[in-house]
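When a ligand or atom number is given, it counts from 1 through the structure's own listing order. Quick caveat, the model's predicted, so the values are computed rather than measured. Any value given below was found using the heavy atoms of this structure, including those in side chains, with hydrogens, waters and symmetry copies removed.
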Amino acid sequence: MPRALITGVTGQDGLYLSELLLSKGYEVYGLVRGQNNPKIELVRRTVPDVKILTGDLTDLSSLVRAFSVSQPDEVYNLGAISFVAYSWENASLTSDVTGKGVLNILEATRLYAGDDISKVRFYQASSSEMYGKVQDVPQKESTLLWPRSPYGVAKVFGHYMTINYRESYGLHASSGILFNHESPRRGPEFVTRKVTQAVARIKLGLQDSVTLGNLDAKRDWGFAGDYVDAMWRMLQQPEGDDYVVATGQTQSIERLLEVAFQAAGIEDWRAYVKQDPRFMRPAEVDLLIGDPTKAREVLGWEPKVSFEELITMMVESDLAEQKALAR
Ligand code: NAP
Ligand code: G4F
């Protein structure tokens with residue numbers, strides 16, 4: 001039975017990846033940070049077979065202990081402070097966790113492997129946010145990185161450090177440059193979930209409107225359940241490498257609003273949407289659209305859920321959740 005260690009197991013991707021690996025017969029260990037983390041219950045409820053370990057990406061010795069207990073064949077580093085807007089307010093913390101945390105877990109991986117670097121494979125959750133002020137359209141693996149947020153800068157550090165461990169030590173290390181991926185498990189601070197939750201509450205008469213920031217930004221949005229499969233496929237390749245994982249299509253926030261409101265049977269979304277500079281960012285990433293050719297050709301990976309299906313799935317889930325809460 002192969003063994004996997006996942007950091008960020010309490011997050012959106014951690015839950016989907018746990019389900020995928022358990023379905024493939026893996027023994028799965030999930031790293032959870034903090035004393036009495038309230039999300040432990042979510043992990044226990046959703047993926048009860050995951051073995052929970054405590055540790056923090058900023059604490060190397062806790063990572064060394066997690067490796068010693070789990071003895072992993074595969075390591076998936078999904079842990080991060082992942083909310084871009086928050087990263088301007090907490091730039092130093094974001095750098096420590098999302099950036100230096102990658103170095104810590106790479107170092108823990110190397111120490112665990114000892115003389116046999118081939119005994120473990122490593123996945124780093126890199127991000128399309130690294131492209132920032134995009135230098136190519138669409139963005140591919142070779143596109144110059146130009147991050148526009150402290151989060152993006154921290155991810156660039158983790159990305160290059162992963163490549164450096166591959167080149168310096170021969171570690172089977174892969175970096176997945178994932179474009180935005182969403183689901184009913186997405187945190188409510190991100191724009192898709194903020195919108196689908198608000199649409200559900202507006203439909204049920206629990207809320208009058210939703211207040212957003214920049215409506216012109218465009219993102220390449222896919223379904224998180226599809227994207228964790230690409231992570232796993234990367235670690236099954238003979239060599240570690242970097243891959244863009246995206247749908248190859250981009251949508252504006254306005255299109256997101258249109259689809260979400262229509263999914264609840266509301267045609268005129270403009271009547272319910274307000275804008276507030278509070279939600280604007282000091283520097284915006286205007287356009288993301290990925291070129292997933294390499295992932296398709298090398299990994300045999302393709303997205304299965306369309307943008308419209310994804311947003312409809314999220315609205316329906318939020319309607320059910322809000323109805324249950326209102327009871
Ligand atoms: P998420 O839901 O925000 O989950 C982040 C996870 O990181 C949570 O489990 C969180 O734990 C954990 N974490 C935070 N600080 C930590 C620390 N100091 N030590 C250990 N773990 C810590 O993010 P996601 O959407 O699942 O994304 C997974 C990864 O992919 C992240 O690295 C993200 O930056 C990256 N990524 C995401 C997307 C996307 O569109 N979703 C796209 C590209 C890349 P708590 O629950 O305790 O806070
Ligand atoms: O949903 P978002 O907060 O996602 P963002 O910034 O693209 O980051 C996500 O995707 C990255 C991959 O590219 C990940 F690495 C990262 O961890 C995270 O998962 O914002 C999307 C867009 C932005 O342009 C933002 O300015 O939506 C715009 N937006 C407009 N109004 C808003 C709002 N975003 C949020 N969160 N809240 C608003 O009210």
>> What I want to check is whether the side chains of Ser175 and Ser126 have a donor and an acceptor closer together than 3.5 Å.
In response: yes
> Of Asp216, Ile81, Val273, Asn214, which has the heavy atom at the shortest distance from atom 30 (C) of ligand 2?
Replying inline: Asn214
> With a cut-off of under 6.0 Å to the ring centre and 45° to the axis, is Lys194 in cation-pi contact with Phe279?
Replying inline: yes
> To the nearest 0.1 Å, how far is atom 6 (C) of ligand 1 from its closest protein heavy atom, and which atom is that?
Replying inline: Gly8 CA, 3.6 Å
> For ligand 2, which atoms, with element, lie under 4.0 Å from some heavy atom of Phe83?
Replying inline: 3 (O), 36 (N)
> Is the closest basic N to carboxylate O distance between Asp318 and Arg186 below 4.0 Å?
Replying inline: no
>> Can a side-chain donor-acceptor contact be found between Asp96 and Thr94 if the only test is distance below 3.5 angstrom?
In response: no
> Considering only protein heavy atoms, which is closest to atom 8 (C) of ligand 1, and at what distance to one decimal place?
Replying inline: Thr10 OG1, 3.4 Å
> What atoms of ligand 2 come closer than 4.0 angstrom to any heavy atom of Ala217?
Replying inline: 24 (O)
> For atom 17 (O) of ligand 2, which protein heavy atom lies nearest, and how many Å away is it?
Replying inline: Ser82 O, 2.6 Å
>> Geometry only, no angles: is Trp221 polar-contacting ligand 2 at N/O separations under 3.5 Å?
In response: no
> In the single-linkage hydrophobic clustering (I, L, V, M, F, W, Y; side-chain heavy atoms under 4.5 Å), do Tyr160 and Phe157 co-cluster?
Replying inline: no
> Checking Arg185 against Tyr16: charged group under 6.0 Å from the ring centre and within 45 degrees of the axis?
Replying inline: yes
>> Let's go through Thr109 and Leu171 carefully: what are the C-alpha distance in whole Å and the side-chain angles of both, what is the deciding distance for side-chain contact (heavy atoms from CB on, under 4.5 Å) to 0.1 Å, and is it a yes or a no?
In response: CA-CA 9 Å; Thr109 306; Leu171 177 65; 4.0 Å; yes
> Which residue owns the protein heavy atom closest to atom 19 (O) of ligand 2, what's the atom, and how far is it?
Replying inline: Arg186 NH2, 2.8 Å
> Which residue and non-hydrogen atom of the protein lie closest to atom 11 (C) of ligand 2, and at what distance in Å?
Replying inline: Ser127 OG, 3.7 Å
> Heavy atom under 4.0 Å from ligand 1: found in Glu129's side chain, backbone, both, or neither?
Replying inline: neither
>> Between Tyr131 and Glu129, is there a side-chain donor-acceptor contact under 3.5 Å, judged purely by atom types and distance?
In response: no
> Is it true that atom CG of Asp59 has more than 12 heavy atoms of other residues, nucleotides or ligands lying nearer than 6.0 Å?
Replying inline: yes
>> Would you say Asp56 and Ser62 are linked by a side-chain donor-acceptor pair, where the criterion is simply a distance under 3.5 Å?
In response: no
>> Between Arg281 and Val84, does the side-chain contact (heavy atoms from CB on, under 4.5 Å) criterion hold? Intermediate values first, please.
In response: CA-CA 9 Å; Arg281 297 177 178 182; Val84 174; 3.6 Å; yes
> Heavy atoms only: which of Met231, Arg219, His181 is nearest to atom 40 (O) of ligand 1?
Replying inline: His181
> Which residue owns the protein heavy atom closest to atom 30 (O) of ligand 1, what's the atom, and how far is it?
Replying inline: Ala125 CB, 3.4 Å
>> Polar contacts were defined as any N/O atom of the residue lying under 3.5 Å from an N/O atom of the ligand; does this apply to Leu57 and ligand 1?
In response: yes
> Between Ser174 and Asp241, does any side-chain donor sit less than 3.5 Å from a side-chain acceptor?
Replying inline: no
> Among protein heavy atoms, which lies nearest atom 22 (C) of ligand 2, and at what distance?
Replying inline: Ile253 CD1, 3.8 Å
> Does Phe190 approach ligand 2 within less than 4.0 angstrom via side chain, backbone, both or neither, non-hydrogen atoms only?
Replying inline: both
> How far is atom 4 (O) of ligand 2 from its nearest protein heavy atom, and which residue and atom name does that atom have?
Replying inline: Asn180 ND2, 3.7 Å
> Where does Lys39 meet ligand 1, judged by heavy-atom distances below 4.0 Å: at the side chain, the backbone, both, or neither?
Replying inline: side chain
>> For atom 29 (C) of ligand 1, tell me which residue out of Val9, Leu78, Ile6, Asp56 has the closest non-hydrogen atom.
In response: Leu78
>> Measuring from atom 7 (O) of ligand 1, which candidate in Ser127, Gly11, Ala80 has the nearest non-hydrogen atom?
In response: Ala80
> Just heavy atoms, cut-off under 4.0 Å: does Ser126 contact ligand 1 by side chain, backbone, both, or neither?
Replying inline: backbone
> So which heavy atom in the protein is nearest atom 26 (O) of ligand 1, and how far is it from that ligand atom?
Replying inline: Asp13 N, 2.8 Å
> Thinking salt bridges, do Arg270 and Glu254 make one under a 4.0 Å N-O criterion?
Replying inline: yes
> Quick one: are the ring centres of Tyr227 and Trp301 less than 6.0 Å apart?
Replying inline: yes
> What protein heavy atom sits nearest atom 2 (P) of ligand 2, and how far off is it?
Replying inline: Arg281 NH2, 3.8 Å
> Do Gln207 and Tyr272 get their side chains close enough for a donor-acceptor pair, meaning under 3.5 Å?
Replying inline: no
>> Between Glu74 and Gln236, is there a side-chain donor-acceptor contact under 3.5 Å, judged purely by atom types and distance?
In response: yes
>> Among all the protein's non-hydrogen atoms, which is closest to atom 38 (C) of ligand 2, and how far away is it?
In response: Lys194 NZ, 3.8 Å
>> For Tyr112, does the six-membered ring have the charged nitrogen or CZ of Lys119 within the cation-pi criterion, i.e. under 6.0 angstrom from the centroid and within 45° of the normal?
In response: yes
> Without hydrogens or angle criteria, can the side chains of Ser183 and Gln12 be said to hold a donor-acceptor pair below 3.5 Å?
Replying inline: yes
> N/O to N/O below 3.5 Å, does that happen between Arg33 and ligand 1?
Replying inline: yes
>> Tell me the protein heavy atom at minimum distance from atom 43 (C) of ligand 1, and give that distance in Å.
In response: Leu178 O, 3.1 Å
> For atom 23 (O) of ligand 1, which candidate among Gly176, Ala246, Gly14, Ser82 holds the nearest heavy atom?
Replying inline: Ser82
> Which atoms of ligand 2 have any heavy atom of Glu129 under 4.0 Å away?
Replying inline: 13 (O)
> Would Gln124 and Thr162 count as having a side-chain donor-acceptor pair, cut-off 3.5 Å?
Replying inline: no
> Which atoms from ligand 2 have a heavy atom of Leu288 less than 4.0 Å away?
Replying inline: 13 (O)
>> Show me which atoms of ligand 2 lie under 4.0 Å from any heavy atom of Phe279.
In response: 39 (O)
> Among all protein non-hydrogen atoms, which one is nearest to atom 25 (O) of ligand 1, and what is the separation to 0.1 Å?
Replying inline: Arg186 NH1, 3.4 Å
> Heavy-atom contacts under 4.0 Å between Tyr151 and ligand 1: side chain, backbone, both, or neither?
Replying inline: side chain
> Counting from 1, what ligand 2 atoms have a heavy atom of Val84 closer than 4.0 Å?
Replying inline: 6 (O), 8 (O)
>> Suppose we measure from atom 2 (O) of ligand 1 to each protein heavy atom; which comes out shortest, and what is that distance?
In response: Gln12 N, 3.1 Å
> Among protein heavy atoms, which sits nearest to atom 26 (O) of ligand 2, and what does the distance come to when rounded to 0.1 Å?
Replying inline: Glu284 OE2, 2.6 Å
> Which of the listed options, Asp13, Val195, Val191, holds the heavy atom that is closest to atom 29 (N) of ligand 2?
Replying inline: Val191
>> Within 45 degrees of the ring normal and closer than 6.0 Å to the centroid, is that where the cationic atom of Arg193 sits relative to Phe190?
In response: no
> Taking N or O atoms only and a 3.5 Å limit, does Phe190 qualify as a polar contact for ligand 1?
Replying inline: no
> Quick one: does Thr192 get an N or O within less than 3.5 Å of an N or O on ligand 2?
Replying inline: no
> Under the side-chain hydrogen bond (donor to acceptor under 3.5 Å, both in side chains) criterion, do Tyr86 and Glu189 qualify, and how do the steps go?
Replying inline: CA-CA 10 Å; Tyr86 178 88; Glu189 65 273 35; over 6 Å; no
>> Counting only heavy atoms closer than 4.0 Å, does ligand 1 sit against the backbone of Asn37, its side chain, both, or neither?
In response: side chain
